[in-house]
Amino acid sequence: MTATATIEERADEVVEEFELFDDWMGRYEHLIEQGKALPALPDAYRDEAYKVRGCQSQVWVAAEPTDHGTIQFWADSDAIITRGIVALLVRVLNDQPPAAVAGTDLAFLDRIGMKEHLSPTRKNGLDAMVRRMKLYAEALAST
Amino acid sequence: MTATATIEERADEVVEEFELFDDWMGRYEHLIEQGKALPALPDAYRDEAYKVRGCQSQVWVAAEPTDHGTIQFWADSDAIITRGIVALLVRVLNDQPPAAVAGTDLAFLDRIGMKEHLSPTRKNGLDAMVRRMKLYAEALAST
Amino acid sequence: MQPAPSRLATRTFDLDEVRSEFPVLSRRIHDHPLVYLDNAATTQKPLTVLDRIDSYYRTENANVHRGVHTLSQEATDAYESVRPVMQRFLGAASSREIVFTKGTTEAVNLVAGSLARGYFKKGDEILLTGMEHHSNIVPWQLAAEATGAVVKVVPVNDRGELDLGAYQALLGPRTRMVAVVHVSNSLGTINPVRQMIADAHSMGVPVLVDGAQAVAHGPVNVQDLDCDFYCMSAHKVFGPTGTGVLYAKEEWLERMPPYQGGGDMISAVTFEHTTYHEIPHKFEAGTPNMAGVIGMGAAIDYLSAFDIEEIQRHESQLVTHATGELEELGGVRLVGTAAHKTAVVSFLPEGLHPYDVATVMDRFGVAVRSGHHCTQPLMDQYGIPGTLRASFALYNSLDEVDRLIDAVRKARKFLS
Amino acid sequence: MQPAPSRLATRTFDLDEVRSEFPVLSRRIHDHPLVYLDNAATTQKPLTVLDRIDSYYRTENANVHRGVHTLSQEATDAYESVRPVMQRFLGAASSREIVFTKGTTEAVNLVAGSLARGYFKKGDEILLTGMEHHSNIVPWQLAAEATGAVVKVVPVNDRGELDLGAYQALLGPRTRMVAVVHVSNSLGTINPVRQMIADAHSMGVPVLVDGAQAVAHGPVNVQDLDCDFYCMSAHKVFGPTGTGVLYAKEEWLERMPPYQGGGDMISAVTFEHTTYHEIPHKFEAGTPNMAGVIGMGAAIDYLSAFDIEEIQRHESQLVTHATGELEELGGVRLVGTAAHKTAVVSFLPEGLHPYDVATVMDRFGVAVRSGHHCTQPLMDQYGIPGTLRASFALYNSLDEVDRLIDAVRKARKFLS
Ligand SMILES: Cc1ncc(COP(=O)(O)O)c(C=O)c1O
Ligand SMILES: Cc1ncc(COP(=O)(O)O)c(C=O)c1O
């Protein structure tokens with residue numbers, strides 16, 4: 001993962017990785033691995049204010065502007081599949097310009113067969129997390 | 001119509017009359033004729049207190065105890081088919097002992113193909129009228 | 001700016017073909033083919049709707065919104081996919097503005113009930129019209145009773161049109177809500193709701209439009225109308241029973257307190273404090289009518305395949321023919337002769353009672369509605385016990401109108 | 001006096017035959033045959049129900065209660081004939097005590113909403129239990145908010161049983177209502193509602209029983225229980241979505257003000273004064289879910305054909321087998337181990353999250369529910385994010401329980 005790659009480039013990278021697996025087991029294992037590699041959420045963010053409550057699993061998400069004009073995301077989840085998706089989102093959206101984050105469509109999750117986890121009706125907090133990420137980005141983009 | 005006949009006898013008489021007709025037109029014509037022959041509702045009873053309000057048609061019904069221990073019914077309706085049924089009911093139930101009125105099932109209307117008019121869901125006031133007739137009868141039977 | 005068209009015509013209107021798609025139309029009643037002219041009460045359902053309901057239950061049925069398993073996801077997707085369908089059909093700005101309800105009645109109750117929790121104050125005025133359906137009267141009476149608000153009524157003239165001057169005069173500083181029927185179910189009058197909404201808005205007053213009778217007969221665009229609330233029932237637009245839509249502007253839904261409480265409408269519950277889900281789910285408590293909503297989607301797809309103007313032309317032919325023939329008969333009072341009207345013909349042969357006439361017409365297989373059509377105040381005003389109402393839908397034919405007229409003629413002969 | 005039995009067994013229970021009557025059971029999910037164990041969320045529908053709905057729309061559909069024409073009469077008869085069916089099914093004294101609603105949630109809201117209009121006063125206490133479904137919590141919170149009443153909660157012990165001593169202690173002079181779930185949806189606990197009702201009545205307090213999870217799994221007799229209100233959903237007892245029943249004692253229905261206003265629930269409307277229809281119609285505003293109610297009747301007929309005790313024996317085999325196998329697996333926490341319980345097994349493999357487990361189990365075709373099951377307060381008490389819940393219905397088999405256990409084993413292996 002190259003820090004300078006665009007969202008699309010990173011998303012393509014993710015898709016290529018997942019294409020190596022030809023069954024759901026491999027894909028989910030890889031997803032869970034991604035979750036394990038997710039940088040730990042700073043303790044200050046493990047707080048109600050950063051929590052998105054879902055029926056099914058909880059998600060925490062926080063954002064910081066970097067000094068080179070991009071956004072640094074922090075996130076976590078209590079369910080490991082959800083954390084895997086969280087990790088993919090962070091991997092793809094981290095350190096990107098706010099406008100790019102605000103405008104992205106995250107279609108790559110569809111291409112790796114994980115789109116359904118993003119559905120609001122899954123109530124795993126992921127869709128609300130994405131909305132928060134975009135809100136942070138919009139706020140930063142407009143300043 | 002013999003004053004001393006029982007409810008069942010009078011009902012059978014009605015059924016026999018209607019059996020003379022082999023189409024609905026004849027039966028309905030005869031029904032409407034019955035309505036025309038219904039004794040006029042005394043003016044004192046053409047009043048809100050004696051009215052049963054239906055979506056479809058209105059019915060008035062009143063009762064008086066006779067000096068020989070039976071009930072005299074008065075009734076009317078603004079729709080002529082409803083009035084026909086009203087007339088049949090009065091004809092069968094008039095001048096009968098309260099207990100007999102309270103306990104009758106009016107199945108004869110089924111035998112002449114007019115049962116559906118008595119359905120509460122017809123909202124023509126007839127079902128409520130029958131309930132009132134029985135209430136009057138029960139009140140008199142228990143005294 | 002003209003909003004994008006909400007319907008896409010892909011089918012040419014062919015009456016015989018359309019009729020063949022509605023199984024009930026081949027029924028016989030008292031040895032006559034059924035002539036179903038009670039469409040304002042409820043419409044019949046095309047095969048596509050029946051098939052959709054059936055296939056939902058056969059292959060997809062599961063509870064929505066909560067499950068991780070495939071069946072629940074599929075059911076949720078099928079259910080939620082109807083929201084954008086209804087959004088497009090009504091021309092709403094967002095699918096978040098589409099609340100699924102039991103029907104029009106519940107939609108009005110939802111708004112009136114929710115606004116009774118804090119919005120209406122003692123002395124506030126709720127403005128209705130003299131041609132409202134009971135479903136757009138009683139909920140407001142209940143809300144008024146609960147809050148001390150009062151109900152005011154815009155008068156209707158003898159042709160069955162609203163008195164717009166009186167309306168404007170009644171709109172005052174105490175007016176807090178206008179509720180008006182888009183198309184009258186007993187008269188067919190199309191009310192000038194666009195103008196009425198503009199008038200109300202100029203006084204800062206929100207408007208609820210009862211669209212129960214409108215949606216099957218002409219294009220509706222809530223953004224264009226600029227109404228705050230719009231209510232409809234699926235069963236009156238070729239869809240299943242037990243479902244409908246409340247459209248409400250997002251700002252209203254955000255602002256209104258929930259109406260019913262239960263599963264699916266909350267985000268977190270403790271015994272001390274409950275936080276509600278986002279709109280529109282905040283207003284959808286409990287397991288929804290999944291099959292109903294999905295069937296409603298199929299009904300809207302069915303209708304939207306036609307050019308609505310073609311349907312309007314067809315229905316207006318039916319109305320014109322029926323009206324002309326009834327006038328021809330003589331001795332028939334037409335009730336509701338507004339300049340703008342839709343697929344309803346309400347009438348009463350002089351000296352006869354609607355109950356008697358409808359009973360005899362049924363013997364000839366002709367199904368019309370008789371009675372006050374849940375608009376009792378209007379019948380009281382006209383001094384009649386009710387009317388006979390023939391109400392048309394896209395599948396009715398000119399032949400059926402002839403059968404209607406014939407049945408009226410025969411009933412009158414029989415009853416006189 | 002023992003009330004007459006509400007069900008008549010005419011069919012021997014044959015699992016294969018029963019399974020063949022539920023089309024959805026032959027679905028495949030991710031290349032495995034579906035194992036549907038989410039019956040507490042919603043049940044599947046037998047062919048007789050699907051056929052009844054279909055034939056209603058194909059041959060009888062019309063609006064009920066208002067029409068004189070044959071179709072409307074037939075629809076009304078079909079619709080109203082379900083009232084005595086539900087009366088017998090629930091053991092009510094009269095069909096006037098059967099109100100058709102959207103489902104359990106609406107039934108509870110109807111009671112809470114109506115009683116908020118005059119019955120509850122500031123400081124009154126509404127007694128719930130710690131294992132209520134959100135649908136039996138939030139409506140009471142809304143009523144409390146509107147009236148100044150307060151909600152009190154009967155505690156639940158670690159096995160998932162109510163603390164009856166605490167219940168009796170909580171019943172006090174300010175208690176105005178007890179609302180309790182008959183069978184818990186997240187734990188399967190069968191609550192001692194008969195005793196609780198007797199206790200409440202001895203203090204003059206009415207009781208509402210949420211029977212959503214009870215009716216598919218055992219005989220219910222409201223007269224025998226002597227409850228004041230009983231609520232159920234058709235979709236949880238093999239019937240269609242969007243309909244259910246509120247049973248209420250006649251005296252309560254007479255006394256309660258209407259909940260929603262509209263067509264069909266009024267007897268006379270003027271703008272000054274509206275008089276309501278007789279019970280139960282006073283509580284059924286608007287066009288009802290005709291197809292839904294008629295389908296519910298078919299569902300109850302379907303279920304009533306069996307000896308309910310045979311079904312109970314079958315389901316209890318499933319529960320015993322599942323529980324035993326889960327204990328055998330080791331490292332699985334069973335949530336809800338009440339002495340009296342019905343067809344629900346709630347569990348959580350230690351160290352795993354229910355969302356993850358359910359997601360992987362779905363890959364093996366096994367549909368269980370994960371999450372807090374709309375009983376968040378209970379999960380908070382147990383300090384868990386939720387559980388996995390396998391809930392059974394009469395069509396589930398011991399083989400399917402084996403597939404459940406196998407999927408749990410595989411999911412655990414995969415996730416650890
Ligand atoms: C115990 C219990 N009560 C109430 C409900 C609410 O039922 P419905 O969603 O059908 O209104 C449910 C089911 O969701 C339940 O399990
Ligand atoms: C104008 C109008 N408003 C409201 C309603 C109520 O609709 P529903 O009974 O489907 O709730 C109807 C139909 O009955 C209607 O015609």
Side-chain angles (χ1 to χ4, degrees), chain C residues 23-24 27 29 38 41-42 44-45 50 54 57-59 61-63 66-71 102-103 105-106 109 133-135 137-139 141-142 151 153 235 240-243 260-263 266 269-271 274 285-287 289-292 355 358-359 362 367 369-371 374 376-377, chain D residues 23-24 27 29 38 41-42 44-45 50 54 57-59 61-63 66-71 102-103 105-106 109 133-135 137-139 141-142 151 153 233 235 240-242 260-263 266 269-271 274 285-287 289-292 355 358-359 362 367 369-371 374 376-377:
Chain C
V24 97
R27 268 231 27 198
I29 303 286
D38 196 11
T42 199
Q44 300 304 338
K45 325 301 173 199
L50 304 192
D54 208 55
Y57 281 129
R58 276 170 197 268
T59 63
N61 176 61
N63 209 324
R66 295 172 221 164
V68 162
H69 60 79
T70 302
L71 218 53
K102 270 199 294 196
T105 302
E106 188 180 53
N109 277 280
H133 187 278
H134 295 166
S135 289
I137 299 176
V138 189
Q141 289 179 326
L142 291 173
V151 168
V153 185
H235 74 94
T241 60
T243 188
Q260 296 188 329
I266 48 82
V269 172
T270 65
F271 282 106
T274 289
T287 303
N289 185 353
M290 279 96 70
Y355 181 79
T359 301
D362 178 59
R369 178 55 54 102
S370 59
C374 291
Q376 206 168 317
Chain D
V24 95
R27 266 222 41 188
I29 303 287
D38 196 12
T42 200
Q44 300 302 338
K45 324 303 174 198
L50 304 193
D54 207 55
Y57 281 130
R58 275 171 198 267
T59 64
N61 176 61
N63 209 323
R66 295 173 221 164
V68 163
H69 60 79
T70 301
L71 218 52
K102 270 199 295 195
T105 302
E106 188 180 54
N109 277 278
H133 187 279
H134 295 165
S135 289
I137 299 176
V138 188
Q141 289 179 326
L142 291 173
V151 168
V153 185
S233 301
H235 74 94
T241 61
Q260 297 188 329
I266 48 82
V269 173
T270 65
F271 283 107
T274 289
T287 303
N289 185 352
M290 280 96 72
Y355 181 77
T359 300
D362 178 59
R369 177 55 55 100
S370 59
C374 291
Q376 207 168 317

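The figures that follow rest on heavy atoms only: side chains count, while hydrogens, waters and symmetry mates do not. If you're wondering where the values come from, they're calculated on a predicted model, not measured in any experiment. Just so we're on the same page: letters track the sequence lines, and every chain starts at 1.
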Identify, with sequence neighbours excluded, every residue that meets side-chain hydrogen bond (donor to acceptor under 3.5 Å, both in side chains) alongside D:T287.
-> C:H235, D:N63
Of all residues at least two apart in sequence or in a different chain, which pass the side-chain hydrogen bond (donor to acceptor under 3.5 Å, both in side chains) check with C:H69?
->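 C:H69 satisfies side-chain hydrogen bond (donor to acceptor under 3.5 Å, both in side chains) with D:D38 once adjacent residues are dropped.
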Any donor and acceptor pair, going by atom type alone, linking the side chain of D:T105 with main-chain N or O of C:A285 inside 3.5 Å?
-> no
Please classify the contact of [X] with chain C as side chain, backbone, both or neither, using a heavy-atom distance under 4.5 Å.
{"X": "D:L50", "answer": "both"}
{"X": "D:R27", "answer": "side chain"}
{"X": "D:Q141", "answer": "side chain"}

Tell me, out of D:I29, D:T42, D:D54, D:V151, who's got the most heavy-atom pairs with chain C below 4.5 Å.
-> D:T42
Heavy-atom pairs under 4.5 Å with chain C, option from D:Q260, D:K102, D:K45 with the top count | D:Q260
For residues C:Y57 and D:Q44, report the shortest heavy-atom separation together with the two atoms involved.
-> O-OE1, 4.3 Å
Nearest heavy-atom approach of D:V68 to C:A358 is CG1-C, 4.1 Å
What option among C:V138, C:T243, C:N61 has the most heavy-atom pairs under 4.5 Å with chain D?
->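 When all of C:V138, C:T243, C:N61 are compared, C:N61 has the most.
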If you count heavy-atom pairs under 4.5 Å with chain D, which of C:G261, C:P240, C:G103, C:G242 comes out on top?
-> C:G261
Separation between CD of C:E106 and CD of D:E106, rounded to the nearest 0.5 Å =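 These two atoms lie 5.5 Å from each other.
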